[in-house]
Amino acid sequence: MVGLYENHHVHDNDSILKMVQPLKYAQRDIAANIAEAAACFLEAHLSPKSALLETTAPSPKQVKRTRGTKQPSNTSSSTVIGLRSELSSLGDMALDDKQTDDTAIDEKKADDDDDSARIAHIDEMRDWLLGKPLRLESGMYGPITAFVSYVALCVQAQRDKAGSTAGIRRLICPADKADYQPDDSDDKTRIDIGLCSMDFDDPAPTASMRTPYHKLLAVVEAKVHSGNFKEAWPQLYGYTRQMYQAQHNLSSAWGFAICGHEVRVCHFGNDVAVSSNPMNVTTPEGRRAFIELLVDWSMCEDFQLGRDPTIVHLPDLDCWQIECPDDTSRGIDTKPWRYYFNEVVCHADHLFGRHTRCFLATATEPTIGSPLVPTVVIKDAWAFAKRSISKDVRDETKMLKKIRATLGQHIKPEDDIIYPEIVVGGRVSFMSGRKRIEDNTKAMYQGSDLADRDPDRFRVHRRIVMSQIGKRLHTLESVDEFLTVVCDVMRCHNAIFEHCQILHRDISDNNILVIKQGGIARGLLIDFDCAIDTSIEKVGTTRPEMTGTLPFMSINNLSESNVTRTVLDDYESLLCLVCWLATLGIGISQHHREGKELEKLPIARWRKIPTGAIIEAKRDHFRTDDSLNTNIAAYFSCAKGSNGASDDPDKKMLTSFVTILRSILFDNASEGVGPECHGTSKIEVPRAKPSWLGTGAEFLSAIGQGALSSVRDKTVVINPFEKRVEKCDIIVKDLLVFIDGFWQFAMERQSNPKSASQEQVETAADDEDDDDGKDESDD
């Protein structure tokens with residue numbers, strides 16, 4: 001994983017520490033005072049010789065921040081439960097002090113108890129802070145959690161004195177356990193230390209609780225030696241990916257890699273991980289920098305820690321409240337629409353990227369005891385965009401509203417075409433103080449030198465509400481349903497391109513939903529993040545770019561060539577998609593292959609980087625019908641209980657579908673489409689055709705027999721992908737006839753499953769009769 005993500009990692013950038021400083025200057029002064037007092041107390045009691053020294057908090061004028069300074073490089077653990085008990089007792093004493101006329105002796109006793117709790121944590125981390133060698137990784141857990149707990153006690157003490165006016169929003173505490181597997185983990189990995197955000201009215205956790213990913217603020221990966229950061233980062237990447245998957249309201253994430261006596265904090269955005277210089281805890285400067293960071297985390301706003309303030313959990317109703325904007329009819333300062341959800345159908349399961357999530361929601365506010373009935377689906381994603389909404393020509397919200405308005409006029413009920421229908425949508429914004437802020441990467445990186453980075457990497461947080469609720473492809477029950485769905489999608493694709501001039505450019509399994517209408521499975525094309533409006537942005541006028549999902553990308557797309565991307569590329573993606581899913585297994589009636597089994601098949605080459613290897617594999621597999629059948633269709637999954645024979649009805653139908661689709665795409669024989677449009681690789685032809693060379697089949701035969709070698713110096717290279725663009729309209733007409741025909745066929749089989757089953761039996765019987773006839777004649 002380190003090789004996969006290392007190009008996305010920026011090291012030694014301390015500007016990320018400024019991202020979590022309190023936004024108000026008055027609160028920065030309070031944070032500075034708390035950090036200074038905590039650092040002074042720690043230094044005074046760290047050395048055995050100075051254990052009896054006393055310390056007092058300095059005035060704001062005496063405070064000097066050390067933030068941004070590069071630091072020199074060189075068990076029982078405190079838990080959230082134990083810390084909660086300590087904080088509770090200290091809080092009770094502070095409350096009693098306010099309500100009664102305490103004597104000087106009582107105040108001295110309270111201060112002594114406060115000091116004792118902090119000194120106990122200092123004793124636990126003393127050896128670590130004084131630079132003593134570490135032998136075991138587990139030996140680091142106690143000192144690290146003690147450090148975090150110590151800072152939390154210092155923050156709590158200030159909160160008890162000043163109350164809510166101190167601007168302290170939370171306490172940063174270690175999780176109850178160290179070296180454990182979170183309950184909601186999707187693998188067997190164990191995290192070293194989890195950090196939690198504890199509100200002041202949170203109930204104390206139970207002693208048996210293993211804090212799950214969905215409740216963690218950050219994960220700490222610990223290594224014994226200071227040179228082990230290269231080993232620590234891959235593990236931290238994996239833990240952070242799980243946090244994205246588990247937390248619905250996580251826009252960006254934080255984590256720590258602590259190797260030996262060096263602490264590095266890391267921020268994870270959509271495209272890059274940025275880590276700080278090491279904070280060496282064996283030096284006063286390093287200890288103070290670590291303290292300042294934890295204090296800032298206690299006082300900054302939720303969005304600075306990566307929490308989306310527009311998604312709020314409502315524990316009494318056991319659901320989430322989410323705000324949804326509407327860019328066209330309402331301004332950024334207008335209160336957004338509110339929806340409610342408790343079901344997530346798509347999680348953000350990648351470390352980098354758009355972090356797309358989908359929620360099933362309703363606009364009706366639920367009540368206690370009443371079930372939440374979804375009426376819409378909400379898509380939440382971080383997409384590339386232009387900073388100005390008016391200049392953002394690839395805004396998915398705009399495209400969907402154009403589709404709704406245009407197809408609403410052109411598509412008639414008898415056309416029976418299902419297309420996406422948007423309700424509201426736009427760029428997410430949130431309140432910070434009295435100001436509403438657009439949620440984008442500039443806001444995410446505010447305070448750091450990353451806020452105004454490459455404009456081509458600018459992302460906005462976009463949220464779209466759709467009226468149709470569908471399910472994923474894996475919920476399909478049969479091959480008939482699958483073929484109906486994919487044909488539905490391409491019929492919709494054609495209507496959108498014909499009437500709206502919008503090219504989708506990302507046909508994949510994640511971008512197709514299944515909708516049931518009267519018990520019949522239908523297909524819905526979604527996710528226009530990669531689409532372009534060709535009426536605004538002419539295809540081929542921009543620099544080549546690779547968009548889509550790796551196994552389903554067309555050869556032209558993977559090549560990032562200058563050849564214009566057209567509808568043909570999306571049909572090639574459909575071919576890849578059907579081949580891929582037919583190999584894995586479609587519907588509950590078919591055998592499904594696991595990852596290890598798939599790796600043994602030729603199609604596994606479609607997802608192995610570098611992309612050049614994928615290109616060569618697809619050129620070979622799509623070269624002829626025979627190569628497709630030998631390398632791909634021969635491995636299509638069969639119905640459960642079958643012997644895997646080639647006459648398996650489902651396998652036979654899928655093979656026919658992909659064979660015909662391949663032939664129309666790469667070997668189209670329609671009038672006007674010449675042999676120069678055929679094939680998957682560039683070919684060499686003579687500049688002037690010799691008299692001995694015929695046309696059509698003779699032309700291809702001559703090429704295959706090497707007859708052009710004698711005129712090699714007079715040849716020209718022809719790219720069939722480029723030539724097919726010139727004949728795109730002709731080829732697309734053939735594709736539409738094929739798709740419409742297969743759609744009607746699959747719909748009929750869904751509507752009359754008994755007839756379809758009988759047809760399969762009769763077809764099988766006919767095949768057996770034919771075989772018997774052949775045997776007799778051979779005898």
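The figures that follow rest on heavy atoms only: side chains count, while hydrogens, waters and symmetry mates do not.
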Is there a donor in the side chain of Asp488 and an acceptor in the side chain of Trp743, or the other way round, less than 3.5 Å apart? yes
Judged by modelled atom types alone, do Thr484 and Gln750 share a side-chain donor-acceptor pair under 3.5 Å? yes
Ignoring hydrogens and angles, state whether a donor on the side chain of Asn510 or Arg472 is under 3.5 Å from an acceptor on the partner side chain. yes
Establish, from distance only, whether the side-chain atoms of Thr310 and Arg463 form a donor-acceptor pair under 3.5 Å. yes
Any side-chain donor near an acceptor of the partner, Ser535 and Asp533, under 3.5 Å: yes
Could you check whether Ser390 and Ser388, counting side-chain N and O atoms only, form a donor-acceptor pair closer than 3.5 Å? yes
Hey, are Lys412 and Asp415 close enough for a salt bridge, meaning a charged N less than 4.0 Å from a carboxylate O? no
Please check if any side-chain donor atom of Ser656 sits under 3.5 Å from a side-chain acceptor atom of Thr659, or the reverse. no
Under 4.0 Å between a side-chain nitrogen and a carboxylate oxygen: does that hold for Glu560 and Arg565? no
Would you tell me whether Asp570 and Ser573 have side-chain atoms, one donor and one acceptor, within less than 3.5 Å of each other? no
Output yes when Asp271 and Arg354 qualify as a salt bridge under the 4.0 Å nitrogen-oxygen rule, no when they do not. no
Checking side-chain polar atoms at under 3.5 Å, does Arg623 have a donor or acceptor matched by the opposite partner on Thr680? no
Hey, is Lys402 close enough to Asp395 for a salt bridge, meaning N to O under 4.0 Å? no
State plainly whether the residues Arg662 and Asp625 are in salt-bridge range, i.e. N to O under 4.0 Å. yes
SB check Arg462 Asp392 (cutoff 4.0 Å): yes
Residues Arg357, Asp308; criterion salt bridge (Lys or Arg N to Asp or Glu O under 4.0 Å); working and verdict: CA-CA 13 Å; Arg357 300 174 174 93; Asp308 182 353; over 6 Å; no
According to the interplanar angle, ranging from 0 to 90°, do the rings of Trp580 and Phe552 count as parallel (below 30°), tilted (30 to 60°) or perpendicular (above 60°)? perpendicular
Just do the ring pair (Phe, Tyr, Trp, His ring centres under 6.0 Å) check on His355 and Trp382 with the steps written out, would you? CA-CA 6 Å; His355 293 154; Trp382 285 75; 8.3 Å; no
From CA spacing to verdict: ring pair (Phe, Tyr, Trp, His ring centres under 6.0 Å), His504, Phe528: CA-CA 6 Å; His504 189 274; Phe528 286 73; 4.8 Å; yes
Does Glu438 come within less than 4.0 Å of Arg427, counting only side-chain N to carboxylate O? yes
Do the side-chain N and O atoms of Glu748 and Asn752 include a donor-acceptor pair separated by under 3.5 angstrom? yes
Which atom pairs, one a donor and one an acceptor, fall under 3.5 Å between side chains of residues 606-615 and the rest of the protein, sequence neighbours left out?
unit_1	atom_1	unit_2	atom_2	d
Trp606	NE1	His621	ND1	3.0
Arg607	NE	Glu599	OE2	3.4
Arg607	NH2	Glu599	OE2	2.6

Under a 3.5 Å cutoff, is there a donor and acceptor pairing between the side chains of His678 and Asn668? no
Would you tell me whether His461 and Asp380 have side-chain atoms, one donor and one acceptor, within less than 3.5 Å of each other? yes
Answer yes when Asp569 and Arg724 have at least one side-chain N-carboxylate O distance shorter than 4.0 Å, and no when they do not. no
Is Asp527 paired with Lys379 through a side-chain N to carboxylate O contact shorter than 4.0 Å? yes
